[in-house]
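A quick note: this is a predicted structure, and the numbers were derived from the prediction, not measured.
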Amino acid sequence: MTTGLFWFTQDIRLDDNPALQQAARQCDQLLLVYVHDSRLERAGNFNAARMGRARRDFLFEGLADLGQQLDACGQQLLMFTGDPVEVLSELVSRYRIDRLFCTRSSGVYEQRQLSSLQSRFPHLNASIIDGYTLFDQSQLTEIVDPFPVSFSAFRRRVEKALDIPQPLPPVMDLPPAVKIEARGEQLSTSAGYHNDTWFAGGEQAAQSHLERYFSSLLPSTYKQVRNELDGLENGTRFSPWLAQGSLSPRRIMRQLKQYEARQGANESTYWIFFELLWREYFQWYAHHHGVRLYHLKGIQGRSPLTSFYPQRFKSWCEGTTPWPLVNACMRQLKQTSWMSNRGRQIVASCLVNELALDWRYGAAWFEQELLDYDSASNWGNWQYLAGVGADPRGKRRFDIAKQTRQYDPDGHFIEYWQGNEQTFALDHVDASDWPIPPRH
């Protein structure tokens with residue numbers, strides 16, 4: 001009798017879950033486990049937590065949804081709080097686990113946890129399967145060797161050369177649960193982070209939004225509205241569920257192709273695919289570069305000219321800088337845990353160029369605050385903008401006045417998010433937090 005353990009991470013869904021499909025086929029009994037590492041909620045490097053409250057609540061909603069679906073399949077989701085390596089090690093030992101199944105992660109820390117577990121249990125047959133990306137690693141072996149130095153090079157290599165695997169149907173038939181002595185600590189779930197059901201956590205909310213979006217005509221105008229600063233219909237809004245793993249990128253592509261077959265393909269529908277390719281690039285970028293994703297010098301080995309002014313960073317986080325558009329975006333983030341892609345580029349450019357701060361502080365703040373945080377996309381994009389990543393043109397600088405004229409010409413966005421309410425001079429204290437006397 002084969003006893004397996006499925007470790008849910010960024011794949012908390014039944015639809016198009018290749019690792020779970022394989023576990024269901026190859027095991028006689030199965031433990032289904034999620035381990036929440038509460039250490040992620042503590043302030044760490046760069047004075048930010050790796051998981052803020054909003055994303056935690058969104059995650060717990062997703063886990064509650066997954067648990068309900070598994071109950072309907074005659075299985076159960078065991079949810080623990082603690083160090084994932086220690087929790088899983090105890091389960092492997094106590095229940096004599098033969099097989100471990102999980103989805104491949106691009107995260108350095110997650111990869112280290114898996115390696116640690118494998119080193120403790122050399123007998124453990126581990127299956128690490130691609131389910132968070134469009135492509136399988138095996139498809140990319142020759143395509144990304146050497147790894148492309150830019151997104152454009154990556155796109156040219158994969159766009160027409162590789163077929164995206166078709167999404168798998170939802171897992172409905174699972175092996176019986178392993179009889180355990182006691183259930184793990186049940187995670188409490190939020191009653192609902194957002195009033196807007198577009199951002200309710202979990203697979204069922206994700207599938208509802210996917211169906212709603214592709215049942216409309218919004219995909220045909222995506223490129224025209226993708227840079228808008230606000231408005232739930234001005235973008236696909238798939239990213240929170242993609243990051244959580246409650247929505248498969250392959251399922252999105254399947255729906256996109258079906259939409260194009262019904263309504264016709266155009267530049268906007270192509271651009272949805274284009275954005276998914278950007279996400280894909282950063283996933284394999286993170287795999288390739290590893291811990292350099294978090295280094296000040298990035299992958300370029302180029303040290304940016306920077307310092308650290310605590311007051312500047314605080315003003316940026318709180319939205320009290322001299323730039324109303326930046327303030328509005330940062331206040332939007334604080335209140336909703338969301339910011340448009342254009343807004344993210346503007347505020348990141350402000351931190352790097354106008355405030356001359358270490359880009360990693362901005363990346364860590366986004367990690368704490370964003371509902372759709374994904375380590376590869378977040379840190380890869382910050383490197384890109386700071387000039388230490390994949391952008392061959394070097395550091396990007398956005399003219400904030402020009403961006404304001406272009407994307408908020410009537411000032412509605414700034415007014416709504418009170419970007420003008422409280423602004424400070426660039427420096428009212430020096431680098432040592434001593435007050436700077438006003439000039440007369």
[X] versus [Y], closest heavy-atom pair with distance:
X: G264; Y: T269; result: O-CG2, 4.3 Å
X: S375; Y: L293; result: O-CD2, 3.9 Å
X: S349; Y: R396; result: OG-O, 3.9 Å
X: S106; Y: A286; result: O-CB, 3.8 Å
X: S138; Y: T141; result: O-OG1, 3.3 Å
X: Q244; Y: F58; result: NE2-O, 2.9 Å

Tell me, which pairs form a salt bridge (charged side-chain N to carboxylate O under 4.0 Å, His left out) where one or both residues lie in [range], sequence neighbours left out?
range: residues 274-294; result: R226-E275
range: residues 368-382; result: K334-E369, R344-D372
range: residues 134-150; result: D136-R250

Decide yes or no for [X] and [Y]: does some side-chain heavy atom of the first lie under 4.5 Å from some side-chain heavy atom of the second?
X: E110; Y: T9; result: no
X: Y34; Y: L59; result: yes
X: V85; Y: V35; result: no
X: S89; Y: L117; result: yes
X: L351; Y: F313; result: yes
X: D11; Y: F6; result: yes
X: W365; Y: L333; result: yes
X: L14; Y: L66; result: yes

Taking only residues two or more places apart in sequence or in another chain, which ones pass side-chain contact (heavy atoms from CB on, under 4.5 Å) with [X]?
X: Q118; result: L114, A126, I128
X: L305; result: none
X: A153; result: P148, S150, R156
X: Q137; result: R104, D130, W284

Donor-acceptor pair, side chain of [X] and main chain of [Y], under 3.5 angstrom:
X: Q139; Y: D163; value: yes
X: H209; Y: T236; value: yes
X: R13; Y: E203; value: no
X: Q368; Y: A49; value: yes
X: D408; Y: T404; value: no
X: D410; Y: H412; value: no

Got more than 12 heavy atoms from elsewhere within 6.0 Å of [atom1], [X]?
X: Q258; atom1: CD; value: yes
X: N266; atom1: CG; value: yes
X: E159; atom1: CD; value: yes

Result of checking F46, W338, W382 against F366 for ring-ring contact (aromatic ring centres under 6.0 Å, His included):
W382
Under 3.5 Å, is there a donor-acceptor pair between the [X] and [Y] side chains?
X: S127; Y: Q22; result: yes
X: S268; Y: Q224; result: yes
X: Q383; Y: Y285; result: yes
X: S215; Y: E211; result: yes
X: Q69; Y: D65; result: yes

side-chain hydrogen bond (donor to acceptor under 3.5 Å, both in side chains) against E86, all qualifying residues, sequence neighbours excluded
R120
Would you please name every residue forming a side-chain hydrogen bond (donor to acceptor under 3.5 Å, both in side chains) with D15, sequence neighbours left out?
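Here the qualifying residues are Q207, R251.
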Might you work through the side-chain contact (heavy atoms from CB on, under 4.5 Å) test for L162 and L134, ending with a clear yes or no?
CA-CA 10 Å; L162 299 181; L134 287 173; over 6 Å; no
What do the steps show when you test C329 against F413 for side-chain contact (heavy atoms from CB on, under 4.5 Å), and what is the final call?
CA-CA 9 Å; C329 288; F413 179 77; 3.8 Å; yes
For a quick test of your reading: what N or O donor-acceptor pairs under 3.5 Å do the side chains of residues 315-324 make, sequence neighbours left out?
residue : atom : partner : partner atom : Å
S315    : OG   : Q311    : O            : 3.1
S315    : OG   : Q311    : NE2          : 3.4
S315    : OG   : T320    : OG1          : 3.4
W316    : NE1  : V347    : O            : 3.0
T321    : OG1  : W323    : N            : 3.1
T321    : OG1  : W323    : O            : 3.4
T321    : OG1  : N327    : OD1          : 2.7

Apply the test side-chain contact (heavy atoms from CB on, under 4.5 Å) to residues L229 and L325: give CA-CA distance (whole Å), side-chain angles for both, the deciding distance (0.1 Å), then the verdict.
CA-CA 10 Å; L229 298 172; L325 183 62; 3.6 Å; yes
Say you draw a straight line from CH2 of W379 to NE2 of H295; how long is it, rounded to the nearest 0.5 Å?
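Taking CH2 in W379 and NE2 in H295, the distance rounds to 10.5 Å.
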Ring centers of [X], [Y] separated by less than 6.0 Å:
X: Y213; Y: F238; value: yes
X: Y270; Y: Y222; value: no
X: H36; Y: F60; value: yes

Pair up each side-chain donor or acceptor in residues 354-362 with any protein partner under 3.5 Å, not counting sequence neighbours, and list the distances.
residue : atom : partner : partner atom : Å
E354    : OE1  : R397    : NH2          : 3.0
E354    : OE2  : R397    : NE           : 3.2
E354    : OE2  : R397    : NH2          : 3.4
D358    : OD1  : R360    : N            : 2.9
D358    : OD1  : R360    : NE           : 3.1
D358    : OD2  : R360    : NE           : 3.2
D358    : OD2  : R360    : NH2          : 2.7
W359    : NE1  : L296    : O            : 3.0

Quick one: list whatever passes salt bridge (charged side-chain N to carboxylate O under 4.0 Å, His left out) with K257, sequence neighbours left out.
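Only E260 meet the salt bridge (charged side-chain N to carboxylate O under 4.0 Å, His left out) criterion with K257.
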Kindly indicate, with the supporting measurements, whether the criterion side-chain contact (heavy atoms from CB on, under 4.5 Å) is fulfilled by S337 and R55.
CA-CA 8 Å; S337 299; R55 184 154 52 92; over 6 Å; no
